[in-house]
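All of these numbers come straight from a predicted model, not from anything done at the bench. In what follows, chains are A, B, ... by sequence order, proteins preceding strands, each numbered from 1. The analysis underlying the following values was restricted to heavy atoms, covering all of them including side chains, and did not include hydrogens, waters or symmetry mates.
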There are 2 protein chains.
Amino acid sequence: MCAITLADVEVRVVVFTLWENRLQVLLRPLDSTDHWSLPGLPASREHSLEETAAECVEALTGQNEIYLEQLYTYGEPDRQPDSQLISVAYFALLAASSLSSDRIEQAQAAWHPVDQMPELVWDHAEILTYALRRLRYKLEYSAVGFELLPDTFTLSELQHTYELILGEKLDKRNFRRRILEAGIIEPTSGRRSGEGRPAQLYQYRPDAVAEVKARRLFP
Amino acid sequence: MCAITLADVEVRVVVFTLWENRLQVLLRPLDSTDHWSLPGLPASREHSLEETAAECVEALTGQNEIYLEQLYTYGEPDRQPDSQLISVAYFALLAASSLSSDRIEQAQAAWHPVDQMPELVWDHAEILTYALRRLRYKLEYSAVGFELLPDTFTLSELQHTYELILGEKLDKRNFRRRILEAGIIEPTSGRRSGEGRPAQLYQYRPDAVAEVKARRLFP
DNA sequence: CCAAAAGTGTTCTATGTACACCCATGC
DNA sequence: GCATGGGTGTACATAGAACACTTTTGG
């Protein structure tokens, strides 16, 4: 019959990134087991839940301008024995270019491909599965894909990002048409040369990012 | 720097119903102000958050088989001075037939039409606005409308429900075709007679309800 | 000149939208 | 028999899906 207080509440974050051509998730080892857990921080009285989630990602990666969205709040008795009762789960998207791995190693954290997950503690596998579902679902209607890419990118890179996350091949012409008609990215003056014909570089329109945030499908 | 514990956490529920041909929300007066608040209960160590939300609705309405879905978790410093810091918000749909108003009166609670909201405390207006947005959004792709109706209903009643919530007129033939093709309701043997030609009564297919729950767009 | 990736339009299909009349009953 | 709400089909527009070749560069 004890009341529930903030010491019973934590924030957990599912951090996605693209690395070595795979969608990966940041995990931390749990002491005294060979299981891994989603990184988290206890909730605090001074900061909002979203600020705490951002802090958690920054502490591990050094990034503080990231895409962050609340997922769901888990609160069943005994879901995390010996840890907080209530987890407010977020998911985050991190641009691959910006993985300063020093802090990650210090925290003994590591990236794991989503298709080769190690054993996770408690209900964290469930949280991860849900985060992945939401990420895929969100890609289909809101074009958050570029949050995983550096500031400028080619349309092919963007398409490969989508294909990796959705796990299926997409038609090049249809993909380009849809993305460009949505008006969320614009060409820059740059080009990327490599093998083959050089590609136009694009960036997301800052005002489009503001529009998407203003829509707030989830507040 | 005090830690946050369960005493800082509550569940709030936005309970919708149809009554007198209007979409209404259940509110409770806040002592010592002329403002109203969303009904809620403190989180507990013995029950899941969803169970607590269900309990909260049952305590006021006597109903325990209702549609319930987690909305969002609000946790900003000072968002609810003199009350819990963190609110896990749910929304609930209640069949209009089942409004036993005794308990509601005992709790001094009352139904308020969504288009004539009184002043709400703290950020509860924001929570309500979001709940309404999610309800409308959800109607468009998942046919939860019948949760607001009694066990059997006519297609016209269902359409009126949709029109009330969405705030726009719908085409009768298109509405019927879409709902029937979705396969979530089936005709019963009953008919409703009143003025005009008697109407076929429908019920939702119990297995379809199970399917929808299995899909779990939000876990 | 050839390998390698970038870039570009059109046809077809499916889905959604607009729209008007007959039907069964109670009074 | 008439007023009242219940029930039905079709033509059109729009959005999405399938599909193959030319272009530009580096080696």
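Put simply, CD on B:Gln159 is 11 Å from P on D:dG7, counting in whole angstrom units. One atom, CZ of B:Phe175, and another, P of C:dA18, lie 16 Å apart when rounded to the nearest Å. Here C:dA6 presents its C1' atom at 12 Å from CD of A:Glu157, a figure rounded to the nearest Å. Between A:Arg192 atom CZ and D:dG26 atom C1' there is a gap of 16 Å when expressed in whole angstrom units. Between B:Leu158 atom CG and D:dG7 atom P there is a gap of 12 Å when expressed in whole angstrom units.
Screening B:Lys169, B:Arg22, B:Arg136 for a salt bridge (Lys or Arg N to Asp or Glu O under 4.0 Å) with B:Glu163, the sole residue that qualifies is B:Lys169.
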Quiz item: Which letters describe nucleotides 7-16 of chain C, given B = protein heavy atom under 4.0 Å from base, S = only from sugar-phosphate, - = neither?
Solution: BBBB------
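Residue B:Asn64 places its CG atom among more than 12 non-hydrogen atoms of other residues, nucleotides or ligands, all under 6.0 Å distant.
Taking the six-membered ring for Trp and thresholds of 30 and 60 degrees, B:Phe91 and B:Phe16 have ring planes more than 60 degrees apart, a perpendicular arrangement.
A donor-acceptor pair shorter than 3.5 Å cannot be found between the side chains of A:Tyr137 and A:Arg133.
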Quiz prompt | Verdict with supporting geometry, B:Glu10 and B:Arg12, side chain to side chain contact (heavy atoms under 4.5 Å, CB included) | solution = CA-CA 7 Å; B:Glu10 59 172 10; B:Arg12 296 268 177 184; 2.7 Å; yes
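A:Glu157 pairs by the side-chain hydrogen bond (donor to acceptor under 3.5 Å, both in side chains) definition with A:Arg192, not counting sequence neighbours.
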